[in-house]
Amino acid sequence: MVTKNLSQASSALKAFGLLAAVSVGALSISPKADAALLFSDTDSFSNVLTELTGAPDLVVDKFNGTGFNVTSVVVSLTASLRSQGTVTNTAAQPQTFRTITQVLSFDIIPGAGAPGVLNPLSPFSSITTIGNVLYTNLAPNTPAAFGPFTASGGDSATYTGSAIAGFLGTGTITFDPFTQIGTTFAGGGGNTANAIQTFADASLTIEYFGDQIPQPPVGTPEPSVLAGLGLMAGLGAMAKRKKA
């Protein structure tokens with residue numbers, strides 16, 4: 001009888017040991033994975049006639065990072081400029097001259113809701129050529145085509161560490177576009193006229209990278225409960241031995 005009770009007690013302790021192993025194993029936290037894209041937002045405009053003086057706005061959302069560990073924020077911009085139209089020789093005789101359109105500035109400036117660490121984005125270096133045409137012996141008062149010509153560019157910035165705080169929460173971040181386009185004539189004695197227009201496209205994206213903050217599994221016994229189960233199993237085995 002004593003042998004049987006000891007066997008039952010041993011089985012109870014083994015069962016408890018297995019339960020404890022499973023429960024404690026469930027409490028373990030898996031290793032961190034590589035930073036993943038948690039959230040992104042994009043705004044854009046297209047075919048907008050320059051010169052731009054702060055509009056149209058580009059507006060993207062902040063990220064409410066509750067439950068997530070944000071490790072980096074990436075702000076990126078792609079843009080293009082398109083020049084097209086006509087030029088005219090206004091002299092009484094044929095003229096040879098060159099016409100060039102260039103980017104003097106193209107800046108996306110942080111506006112309302114922007115954190116102080118956020119820098120302007122400039123997708124083009126100054127001076128970037130959009131279109132360049134040499135007109136040879138162009139007849140008087142006859143418009144000649146210019147373009148269309150396209151120039152494309154981009155810019156991006158990554159923010160980490162304490163700089164991330166300003167990007168988190170509710171609300172939006174506004175970016176204001178500013179452009180200056182120059183048209184230059186070389187030759188022709190100043191006897192030229194033009195009807196050239198330049199149009200802008202821009203797409204701005206903000207991306208938040210990181211990982212989820214691990215949470216204990218639902219329903220996992222507390223350590224105190226596991227200790228109580230062990231004590232009960234031990235008392236049960238002792239009671240059976242005493243009865244035997």
Side-chain angles (χ1 to χ4, degrees), residues 33-85 101-131 147-184 196-213:
D34 292 337
L37 177 61
L38 304 176
F39 174 75
S40 67
D41 194 24
T42 298
D43 196 12
S44 62
F45 59 77
S46 61
N47 211 39
V48 176
L49 185 65
T50 58
E51 314 283 326
L52 302 181
T53 57
D57 290 335
L58 294 168
V59 182
V60 291
D61 288 331
K62 293 185 176 183
F63 175 54
N64 184 349
T66 302
F68 295 93
N69 176 39
V70 180
T71 56
S72 64
V73 178
V74 179
V75 182
S76 56
L77 176 74
T78 58
S80 62
L81 290 165
R82 193 168 50 262
S83 289
Q84 62 187 69
T101 55
Q102 294 174 307
V103 183
L104 302 182
S105 65
F106 190 129
D107 300 307
I108 304 296
I109 308 297
V117 297
L118 188 56
N119 295 318
L121 295 169
S122 300
F124 297 96
S125 60
S126 183
I127 297 175
T128 298
T129 296
I130 306 169
F149 299 103
T150 301
S152 299
D155 193 12
S156 66
T158 300
Y159 299 88
T160 59
S162 59
I164 293 175
F167 294 89
L168 303 180
T170 58
T172 58
I173 300 173
T174 298
F175 295 80
D176 304 318
F178 294 86
T179 62
Q180 288 183 326
I181 309 300
T183 301
T184 303
I196 298 174
Q197 293 180 315
T198 301
F199 300 87
D201 306 329
S203 178
L204 185 138
T205 298
I206 188 167
E207 298 173 300
Y208 297 82
F209 293 89
D211 48 48
Q212 188 169 11
I213 299 174

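Atoms considered below: every heavy atom in the structure, side chains included; atoms not considered: hydrogens, waters and symmetry mates.
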Heavy-atom pair with the smallest gap, counting every atom of Lys62 and Thr170: CD-O, 3.6 Å
Tyr208 side chain to Leu168 main-chain N or O, any donor-acceptor pair under 3.5 Å? no
Contact summary for Leu104 and Gly182, nearest pair of heavy atoms: CG-N, 3.8 Å
If you apply the rule side-chain contact (heavy atoms from CB on, under 4.5 Å), what do you find for Thr129 with Thr101, and how did you get there? CA-CA 6 Å; Thr129 296; Thr101 55; 6.0 Å; no
Does the Thr71 side chain pair with the main chain of Phe209, one donor and one acceptor, at a distance under 3.5 Å? yes
Which distance, rounded to the nearest 0.5 Å, do you find between the CZ of Phe149 and the CD1 of Ile196? 9.0 Å
What is the minimum heavy-atom distance between Pro177 and Ile108, and which atoms define it? CB-CD1, 3.6 Å
Once you round to the nearest 0.5 Å, how far does CG of Leu81 lie from CZ of Phe124? 4.0 Å
Return yes if a side-chain donor-acceptor contact under 3.5 Å exists between Ser122 and Asp155, otherwise no. no
How many angstroms lie between atom CD1 of Ile173 and atom CD1 of Ile206, to the nearest 0.5 angstrom? 4.0 Å
Among side-chain atoms of Thr198 and Ser83, is any donor-acceptor pair under 3.5 angstrom? yes
What I'd like to find out is whether the side chain of Leu204 reaches to under 4.5 Å of the side chain of Leu121, using heavy atoms alone. yes
Quiz: residues 37-44 side-chain donor-acceptor pairs under 3.5 angstrom, not counting sequence neighbours:
residue	atom	partner	partner atom	Å
Asp41	OD2	Asp61	N	2.9
Thr42	OG1	Thr205	OG1	2.9
Asp43	OD2	Val59	N	2.8

Ser72 OG to Phe167 CZ distance, which is reported to the nearest 0.5 Å: 10.5 Å
Can you name the closest pair of heavy atoms from Ile164 and Val70 and give their distance? CD1-O, 3.4 Å
Side-chain contact test, heavy atoms from C-beta onward, threshold under 4.5 Å: evaluate it for Tyr159 versus Pro115 and give yes or no. no
CG on Asp107 to CG on Asn119, rounded to 0.5 Å: 12.0 Å
State, with a plain yes or no, whether a side-chain heavy atom of Ile181 is found less than 4.5 Å away from one of Glu51. yes
Atom pair OG (Ser203) and CZ (Phe45), whose distance is rounded to the nearest 0.5 Å: 9.5 Å
For the side chain of Asp201 and the backbone of Asn47, is there at least one donor-acceptor N/O pair under 3.5 Å apart? yes
Judged by atom type as modelled, is there a donor-acceptor pair below 3.5 Å linking the side chain of Gln212 to the main-chain atoms of Gly67? no
For Ala163 against Val117, the heavy-atom pair lying closest together: O-CG2, 3.8 Å
Student check: side-chain heavy atoms of Val75 and Phe175 closer than 4.5 Å: yes
